Each structure stands twice: as C-alpha cells, then as structure tokens.
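Below are the structure tokens for one structure; questions will follow.
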Amino acid sequence: MAKAPVYAIVGNPNCGKSTLFNALTGLKQKVGNYPGVTVEKKTGTLYSQHGQPITIIDLPGAYSLAARSPDEAVTRDVLLGRREDTAQPDRVLCIVDATNLERNLYLVHQVLDLGRPVILILNMMDLAAQAGISIRVARLSQMLGIPVIPCEAVNGKGIIELKLAISRHDLPLSRHAWDIPAPIAPAVAELQASLVSNGGKAPLIARAEALLLLTDQDSVRVAGSAPLDAKTQEILRSWQSRWEAQGVDWAGTLVSSRYEAIGRLASEVAQSAKPSAQTLSDRIDAVVIHPLWGWVVLALVMTLLFFSIFKFAQAPMDWIGDGNAALAGWIRGLMPDGDLRNLLTDGVIGGVGTIVTFLPQILILFFFIGLLESTGYMARAAFIMDRLMGHVGLNGKSFIPLLSSYACAIPGIMATRTIEDPKDRLVTILVAPLMSCSARLPVYLLMIAALFPGPTYPIAAKVGIMVLMYALGTIGAFGFAWLFKRTLLRGKPPLMIMELPPYRLPRIKDVLLQMTERAGLFLKNAGTVILAISIVLWLLAAYPKSPAGATATEQLAHSFAGRAGHLLEPVIKPIGFDWHIGIGLISSFAAREVFVSTMGVVFSAESGGEDTTSLRHALNAARWPDGRVLFTPLVCITLMVFYVFAMQCMSTIAVVRRETNSWRWPLFQTAYMTGAAWIICFIVYQSGTALGF
Amino acid sequence: MSESPFHHLMPLCQLPARATGRICELTGDSEFCQRIREMGFGESVYVTKIAGNGTILCQLNGTRIGLSHDAARQILVERVGSR
C-alpha cells in the first residue's frame with residue numbers, strides 16, 4: 001500500500017483555512033472572523049474514502065510566500081520543506097476566498113510553481129453569489145489543469161467532493177505556465193542552478209526560492225534559518241547591481257507579471273455584476289469606524305461587557321458559593337476535627353472553591369470576546385485604534401494581540417507573530433501582559449466586593465471601577481510602548497495594511513466552543529495548579545505549629561507562610577499592604593487568580609476554619625495590629641492597581657521566553673512591570689493617605 | 001458626461017470618500033511597494049476610498065483594506081469617478 005500523502009492547507013488570511021481544517025479532520029481548531037487567528041501550524045488526520053489516514057496540516061494565512069512576519073514564515077518554511085519538525089507536504093490544498101479571486105490567486109500561483117499536486121478550493125461561494133460574482137469552475141479547472149472544488153466550508157457544503165478529490169491517488173500537476181519577464185528570466189535560471197548545485201535544493205524548490213529571492217529585498221529573510229550560500233548570494237548581488245544600473249524594477253516586474261497572468265485567468269472565469277448599492281458592511285462601517293461614533297461603539301461594547309459580568313454572574317456565583325459552604329459543612333459533619341479536615345475545608349474548598357466561584361464571570365468574558373472575534377469587529381477595533389497607536393509608535397495591527405490579551409496574555413503574545421517588524425513585535429510582547437486578562441478578573445471582583453459590600457451600592461459604581469482598571473492597564477500598555485519605542489527599541493511607526501473582513505452573524509457554536517474550552521482550562525488550572533498551591537499553602541500556613549493556646553492569628557503569623565509574608569512586609573507596607581496580602585503576592589506569582597485562593601486559605605486558617613464561604617466578610621473584618629481596618633477603600637484600589645501592572649504569571653514568562661528565544665526579555669518584562677506596579681501603587685497609596693482617604 | 005482623462009495624481013488619502021481612483025504610482029520604499037503590490041495594489045488597479053481621514057478604509061477588488069494615513073499617502077492615484 002502506498003504511503004498516505006500529507007496535505008497542507010494554504011491560503012490568504014481569513015479565507016476559511018481553519019474552518020476547512022475542522023470540517024475535514026473533525027478537530028476544533030480556533031476560528032474567527034479576523035486575519036491572524038492561526039499563527040502556528042496544526043496537524044490533523046482525515047480518513048480517505050478507502051479508509052486510509054491522510055495527514056492534513058493547517059498553516060497560518062499568508063498573502064505571499066515572500067514572508068514578512070513570523071506566522072507567514074511558518075507557511076513558507078513548511079511548503080519549502082525547511083522545517084525539521086514537519087515533512088514537506090506532498091500535496092497542497094489551496095483555499096481561496098471566492099469573493100476576491102484575483103488577489104487570492106497570487107499565492108496559489110506561487111504554490112503552483114512548487115511543482116506539487118494542488119487542489120484549488122473556492123470557499124465562500126455563497127458570499128460570492130450574494131456579491132453578484134459568478135465563477136466558471138469547470139473552466140478554471142481546465143485552465144489550471146487541477147481539480148477545483150466550490151465550497152462553503154462553514155456550512156459543510158462541498159466537503160464530500162473535496163474528500164473524494166483528496167482521496168485520489170493520481171492528482172495531476174498543474175499545466176498552467178506563466179512567462180517570467182524576459183529581463184529577469186536569465187537571473188531566475190542562474191539562481192536556480194546555483195541553489196541546486198551549491199544549496200542542494202530540488203530543482204522546482206530552487207526555482208521557487210530564486211523567484212522569492214528576487215521578489216523580496218531581504219535575502220536573509222527569504223533564506224530563513226539556513227543562510228544563503230556565498231555563490232548564490234554573489235549571483236544575486238551581481239544581477240541586482242546590473243538591474244539597478246539599468247533602472248529595472250525587478251521585484252515590481254515579477255509581481256506585475258504574475259498579476260497579469262492571474263488577471264487573464266480571472267477575466268476568463270469570473271464575472272462580477274458591478275455593486276450598485278451600499279452593502280450591509282458599508283452601512284455598519286459608516287458607524288463603527290466613524291472617528292466619533294466608532295469610539296462611542298467601542299465604549300458601549302466594553303461597558304456592556306462589564307455590566308453583564310456583574311449583572312448576570314451574581315446568581316450562579318451564589319449557587320457555587322452555597323455549594324462550597326454545603327460541601328465544607330458536609331465534610332465537617334463527616335470528619336472529626338483535625339489537620340486533614342482543616343486541609344479539606346480551608347485548603348481545598350477555601351482555595352479551589354473560592355476561585356471556582358468566579359467561573360460565571362470568566363464564561364461571560366469569553367462569550368463577549370467570542371462574539372467580537374466572530375462578527376468581524378476585532379479588525380474594526382484595530383482600525384479605529386490605528387491613529388492612537390501611531391502616536392505610541394505602533395500601528396493598529398498591534399492592537400489585535402492587545403485585544404486578545406484581555407482574555408489571556410498567552411494567545412495575545414502568540415498573535416504578535418503577525419507583526420512584521422521584529423522591534424514592533426517585541427514592544428507588543430512587552431506590553432501585552434499589561435492588558436487586564438481574565439485571571440485578574442477574580443482579583444478585581446474580590447476587591448470591588450470588599451470596596452462596595454452589600455447590594456445597596458449601585459451596579460454602575462462597580463462597573464465604573466472595573467472599567468477604570470481595564471482602562472488603566474490599556475493606558476499603561478500604550479505608555480510603556482511609547483517609552484520603549486523611543487528608548488530601547490527605536491524605529492519608525494510601521495504602516496498598517498490590514499484586511500477588514502465583511503461582517504458576519506456570530507456563529508454561536510464557535511463562541512460556545514471557545515467558552516467551554518476556556519472554562520475547561522480554567523477548571524483544569526483550578527483542579528491542578530491552584531489545588532496544589534492551595535494544599536502547599538495550607539501546609540505552610542498550618543506549620544510549624546505554635547505553642548498550645550495560641551490564637552488562629554498567632555498560629556498563622558508563626559507559620560512558614562506567615563514568616564514569608566512578614567519578611568515581605570517592609571517592602572509592601574509603604575503601599576498599604578500587610579503580611580497577609582504579602583502571602584498572596586508571593587503565591588500569586590504563579591498565576592494572578594491564586595491571590596484569591598490564597599486569601600481564601602489565609603483567612604479561613606485565621607478564622608479557625610469557621611467560615612470558608614464569605615471571603616468578602618473576612619476581608620472587611622481584617623485589621624492591622626493597631627486595630628486599623630486593613631482593606632480600606634484606598635488599599636482595595638491600590639491592590640487592584642498592583643495587579644493591573646505587576647507581572648504575576650509564570651506561564652506568560654515561559655511564553656515570552658519561547659517567543660523571544662532568550663531569558664533577557666521575560667526577565668526585563670518582569671522587572672519593569674513589577675517595579676512600575678510598586679511605584680504607581682506607592683504614588684496612589686501615599687497620595688490617597690495624604691488626601692485623607 | 002464622461003470623465004476627463006486628465007486628472008492630476010493625488011495621494012489615496014486625499015481622494016474624497018466614495019470616489020474611485022486608478023493607482024498610478026507607488027512612492028514608498030521598495031519593501032512597502034512590494035508588500036502592497038502583492039496585496040493587489042498594483043499600478044493600474046482601481047481602488048475606491050470608502051471612508052477615513054486619518055486611517056483610511058478602501059475597497060480593492062471587492063476587499064476592504066484599512067491603511068494607515070502614511071501608507072495611503074504613498075499610493076498615488078488618478079481619480080476616475082465615484083462609486
């Protein structure tokens with residue numbers, strides 16, 4: 001039996017590659033309606049009609065094989081067989097957006113040059129029909145000499161036909177040829193020969209690389225991780241100097257001649273009725289990207305999000321809280337008093353139970369983020385932020401990773417792979433964790449609950465504080481980006497060129513999928529990392545045992561955790577925090593939400609295990625040794641400000657280490673964020689105290 | 001009445017909203033020119049400006065593309081009519 005072929009899915013950004021990948025493999029890769037959702041390759045398996053497993057690789061979107069950004073480089077390197085971890089695909093599934101055939105065919109044209117069997121998939125045929133575009137599929141297939149499958153990946157239409165085509169043993173090679181312009185053809189031939197003899201490349205790959213070397217000014221970037229051999233470099237330089245002397249724009253000529261060939265194809269197969277009226281997207285955009293109304297819409301969306309978090313989460317939060325109390329009560333009734341019982345009620349329920357209470361808010365946050373991602377609003381938010389980002393030294397494209405960081409800094413940092421300039425990418429990575437992520441939500445909510453105890457306070461006050469914290473993080477991110485772009489990572493503000501997808505109704509299935517995945521991750525984290533930290537913390541708070549007759553507070557102060565908190569207290573006292581909070585700051589270095597579980601464990605331990613449910617009451621009752629209230633409104637605000645700025649997330653540090661390939665930047669990031677957090681908290685607390693708050 | 005064929009070149013950012021222009025020249029550095037050519041902003045292609053004074057939104061071959069003001073300034077077009 002012949003070896004099963006490996007297929008790669010290739011196409012422009014946001015043309016439906018991951019949707020198609022999911023439809024073919026049954027996997028649940030994240031999809032969204034904005035460019036740059038997929039930034040790394042993903043592999044899945046499809047079974048052919050003969051039951052043979054076929055590997056499918058989903059690749060990040062690219063406009064050209066002349067990659068400019070790290071995500072595009074993944075696509076280029078996999079297709080050219082340069083990745084050690086991935087075999088070169090035997091066949092390619094080129095997917096194009098049928099509403100924009102010509103532009104999408106540019107990448108297809110480059111892929112055809114690689115000399116691999118290609119299946120062309122015309123996706124979004126329904127949208128093309130709505131836009132008055134008709135495509136003669138059979139004629140296109142005939143002209144290119146490859147199978148062409150019309151499809152609506154999102155509705156599953158055309159998938160069976162595609163699977164049949166994929167199952168074919170004998171896929172033809174394209175017979176489409178295009179003429180390399182006469183002044184450039186000899187250079188392509190010479191470079192190709194050199195890449196074969198000196199670089200050890202296969203002839204067709206060498207030809208494709210020769211064309212890329214001539215299309216992109218940066219030969220180092222084209223060569224990727226393996227440097228270009230000296231002989232080929234010399235040939236390239238010699239041709240470039242010759243053309244410069246003759247005034248030949250070789251790179252522009254190559255692109256133009258490809259587009260001419262594509263234009264001939266497109267005019268033969270596609271017909272478009274001229275749009276006469278404004279489309280729905282036009283009408284929505286008239287408001288959403290308006291210089292004034294655009295900001296109003298953004299403010300409304302954010303306010304609605306935070307309002308929903310407070311309004312709709314309360315009831316399920318109470319149910320989970322009641323469940324925790326009932327469980328703790330049941331355990332107390334079941335077991336005799338002792339360390340094991342206290343470990344379960346104070347350590348496990350006090351820690352993990354408290355954090356699980358915030359699951360409803362996390363779900364609401366991800367529901368909104370899912371809606372924004374699937375409707376097409378993300379790219380609009382980047383659009384209206386572009387001018388502001390320009391003042392900072394970045395462009396609107398950097399705002400998408402920052403927006404994603406509202407969910408979690410890790411996907412946000414991954415999304416910076418779409419940024420072309422390495423310095424801009426690094427600046428975006430450095431500031432992304434300043435955007436308030438979902439892990440900060442429990443901390444903010446706990447502090448807001450301590451700040452406004454009871455239902456008598458208006459919801460607007462709570463929403464207002466929450467919006468303020470999110471705004472503070474965003475302003476902080478912009479401020480530090482401005483600073484870094486003028487000091488450490490100087491450079492011109494990059495120019496934004498970004499495709500804005502048409503608006504679509506959100507696909508509730510995708511939104512729910514993302515919500516359940518994130519909820520699963522949150523619960524998994526609660527059940528593993530937070531459970532482990534809570535148990536260790538309970539042990540550290542319970543041992544060593546103080547002499548008999550000591551109060552619960554004396555026992556906690558005597559414990560290892562209490563001693564660590566006391567050790568930190570001189571550093572944090574100027575910002576209004578005591579040793580209890582110090583324990584939380586130390587433990588939450590693992591992840592921010594651990595602060596809440598830590599407070600749960602610490603105050604449960606201190607209350608002698610009497611009350612594991614109402615952490616808010618425990619916080620309101622906490623006092624300094626001299627009897628002053630610990631969690632004053634000013635301390636609650638200062639603590640929130642600390643969490644806005646401080647780098648309290650080990651996973652983010654690990655991802656920054658991987659993405660920057662050094663320890664230098666994550667260490668710098670941790671130092672500047674935590675340093676800034678302390679300084680800003682010092683200013684807030686000392687000014688507040690001086691003003692009598 | 002037919003449009004006059006003798007319009008002056010103007011940067012895309014100065015094209016009025018809903019007006020269409022034909023791209024005549026790309027004036028940015030070679031890196032920029034190459035990138036936008038590959039995205040379809042080739043010479044002689046028609047582009048319609050939809051909105052925007054700072055960051056601009058334009059339509060090209062049925063696709064909407066957002067461009068920074070500085071990027072739109074480097075695309076010289078000849079106005080050919082309104083959408």
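So you know, we letter chains A, B, ... as the sequences are listed, proteins then strands, and number each from 1. Scope of the values below: all heavy atoms of this structure, side chains included, with no hydrogens, waters or symmetry mates. Keep in mind that what you see is a predicted model, and the values were worked out from it rather than measured.
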Measure the acute angle between the ring planes of Y259(A) and Y106(A), then classify it against the limits of 30° and 60° as parallel, tilted or perpendicular.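 Rings of Y259(A) and Y106(A): parallel, under 30°.
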Among residues 285-293 of chain A, which residues come closer than 4.5 Å to chain B, judged by heavy atom distances? D285(A), I289(A)
If you tally heavy-atom pairs under 4.5 Å against chain A, which of A71(B), A72(B), G66(B) wins?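 Counting heavy-atom pairs under 4.5 Å, the top option is G66(B).
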Under 4.5 Å from a heavy atom of chain B, the part of R258(A) involved: neither
Between CG on residue D386(A) and CG on residue L394(A), distance to nearest 0.5 Å: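 Output value for this atom pair is 10.0 Å.
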To the nearest 0.5 Å, tell me how far Q74(B) CD sits from C13(B) SG. 9.5 Å
Taking the six-membered ring of Y503(A), is the NZ or CZ of R283(A) close enough (under 6.0 Å from the centre) and on axis enough (within 45°)? no
Under 4.5 Å from any heavy atom of chain B, what part of Q110(A) do you find: side chain, backbone, both or neither? side chain
Would you say the side-chain atoms of S68(B) and N395(A) include a donor-acceptor pair closer than 3.5 Å?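 The criterion, which ignores hydrogens and geometry beyond distance, is not satisfied for N395(A) and S68(B).
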Answer with side chain, backbone, both or neither: which region of L57(B) has an atom nearer than 4.5 Å to a non-hydrogen atom of chain A? both
Please enumerate all residues that pass side-chain contact (heavy atoms from CB on, under 4.5 Å) together with A210(A), with sequence neighbours excluded.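 For A210(A) the side-chain contact (heavy atoms from CB on, under 4.5 Å) partners, ignoring immediate neighbours, are V188(A), L191(A), L195(A).
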Could you go through the side chain to side chain contact (heavy atoms under 4.5 Å, CB included) check for W178(A) and E260(A) one step at a time? CA-CA 9 Å; W178(A) 65 293; E260(A) 276 166 28; over 6 Å; no
Looking at R425(A), K397(A), R68(A), which one forms a salt bridge (charged side-chain N to carboxylate O under 4.0 Å, His left out) with E420(A)?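 So the option named by the test is K397(A).
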